[in-house]
Amino acid sequence: MDPHDNALSAVGVDAADEQIYRDLLRRPRATLHELAAHTGRTTVALRRAFARLEALGLVSRMAGRPVRFLATRPDVAVSALISRREEGLAQARLAALAMLAETPRTENNSPEELVEVVQGRAAVVQRFTQLQQTATEEVLVLDRPPYAQDPGEQNVAELERLAHGVVVRGIYDASALEIPGKLRLAQESVAAGEQARVSPEVPMKLAVADRRTAILPLSTDESSHADSAVIVHSSTLLDALVALFEVLWRSALPLPARPHDAGETADLPDPELFTLLAAGLKDEAVARQLGVSLRTVHRRVSEMMERLGARTRFQAGLLAARRGWWGEDT
């Protein structure tokens, strides 16, 4: 085993003790002297290591002589350690809230504590992930380029929150869905429970957790590549950001789900094209998504709009929404 490969470090097992545990798994019921001969450690060092492993529930002492230890099944032992660690984290979270309650109100509301500035892409990603992970009720998101993370990768933290019953509402700028693979990922998030809508113009990036904390870029300049961000805590400024989200939400269109079969979309004039049009993609992006020429897209768009009686593509999506073609009436 590589000494740097400490798989159980997250649950409080150091590398040396983990190696001994692995040795015992391979040699069940081995005596201390047998393990000492195999590992090159002294029996005194092994006794100390087994005392630590026993306290963690990874091994148990067998009755009789000579002294032997039995390794607990890894799945059982590690699951118990994870549960213990989660309980400790929950207690720490409650303790932090209690400490905040003890802080004088004037300190709670001091301007320097209501707004933080985060510098560096890695720090921005970390705080955004942390904001999602601490949400227990609701996450509100305005999604548009540029991105601090790879836009072609799924937001695992969001999927975890959805699995825990947290409500996630997202408004995607149409330009975001032109990024290869982004529309598919957004539709996968919707399938996992996200409530998603599309707007032809989202003014900025934003994420709000439980209406208590928000993160947004320090600059709207796309050349900044999301290298800095502002964290806003409970305040009238945060209330204004939430109000902005709600205004945009009311005017945005529901993100159309990916058509599963012809039966679900039999009454649509052109199911694939309809999905991309309603998402607000430009003709060039639609052509790339469908793998057809721009001329073909123009022809199919004209046929779609004529059938709907729409003057613009966005109006076509709105009319389709009003007809309930994807199950939500705006």
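- When all heavy atoms are compared, the tightest approach of S228 to Q119 is CB-OE1, 3.5 Å.
- The two residues H164 and E160 have their closest heavy-atom pair at ND1-O, 2.8 Å.
- Between R22 and E18, at least one side-chain nitrogen of the basic residue sits less than 4.0 Å from a carboxylate oxygen of the acidic one, meeting the salt-bridge criterion.
- Contact of the F128 side chain with the N155 side chain is registered, since non-hydrogen atoms from C-beta on lie closer than 4.5 Å.
- Following chains of ILVMFWY side-chain contacts shorter than 4.5 Å, one cannot reach V141 starting from F245, and the two form parts of different hydrophobic clusters.
- Using a 4.5 Å heavy-atom cutoff, the side chains of R26 and H38 are not in contact.
- The cluster map of Ile, Leu, Val, Met, Phe, Trp and Tyr, joined by side-chain heavy atoms under 4.5 Å apart, puts L244 and V168 in different clusters.
- Shown here is R48, whose CZ atom has no more than 12 heavy atoms of other residues, nucleotides or ligands within 6.0 Å.
- Heavy-atom minimum distance, L56 versus L81: O-CD2, 3.3 Å.
- Contact of the L241 side chain with the L206 side chain is registered, since non-hydrogen atoms from C-beta on lie closer than 4.5 Å.
- Contact between K205 and Y147 at its shortest, heavy atoms only, is NZ-CD2, 3.4 Å.
- No side-chain donor-acceptor contact under 3.5 Å links Q133 to the backbone of A157.
- Checking I215, L216, D239 one by one against V232, the side chain to side chain contact (heavy atoms under 4.5 Å, CB included) holds for a single residue, L216.
- Within a 6.0 Å radius of NE2 in H33, other residues, nucleotides and ligands contribute 12 heavy atoms or fewer.
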Trace of the salt bridge (Lys or Arg N to Asp or Glu O under 4.0 Å) decision for E178 with K182: CA-CA 7 Å; E178 294 182 6; K182 183 68 173 179; over 6 Å; no
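- The side-chain heavy atoms of L24 and F50, taken from C-beta on, include a pair separated by under 4.5 Å.
- Checking side-chain atoms of R85 against main-chain N and O of A10 turns up a donor-acceptor pair under 3.5 Å.
- No side-chain heavy atom of E158 sits less than 4.5 Å from a side-chain heavy atom of V139.
- Side-chain contact check for S235 versus V115: every heavy-atom pair is 4.5 Å or farther apart.
- Enclosure of atom CD in E34 by more than 12 non-hydrogen atoms of other residues, nucleotides or ligands within 6.0 angstrom is indicated.
- Atom CG in L70 sits 7.0 Å away from atom OG1 in T72 (nearest 0.5 Å).
- Checked for salt-bridge contact, E246 and R169 meet the test: a charged N lies under 4.0 Å from a carboxylate O.
- Nearest heavy-atom pair, A176 versus D143, reported as atom, atom and distance to 0.1 Å: CB-OD1, 3.7 Å.
- The closest side-chain heavy-atom distance from H298 to V301 is not below 4.5 Å.
- Of all non-hydrogen atoms in S189 and L162, the two that sit nearest each other are O-CD1, 4.1 Å.
- Side-chain contact between R212 and T134 is absent, with no heavy-atom pair separated by less than 4.5 Å.
- Side-chain contact of R184 with Q187: a donor-acceptor pair under 3.5 Å is absent, judged by distance alone.
- No donor-acceptor pair closer than 3.5 Å links the side chain of D227 to the backbone N or O of G120.
- Using a distance-only test at 3.5 Å, with no hydrogens or angles considered, no donor-acceptor pair links the side chain of R161 to the main chain of V166.
- In this structure, R144 contributes its side chain and D173 its backbone to no donor-acceptor pair below 3.5 Å.
- Shown here are the salt bridge (charged side-chain N to carboxylate O under 4.0 Å, His left out) partners of D75, two or more places apart in sequence or in another chain: R73.
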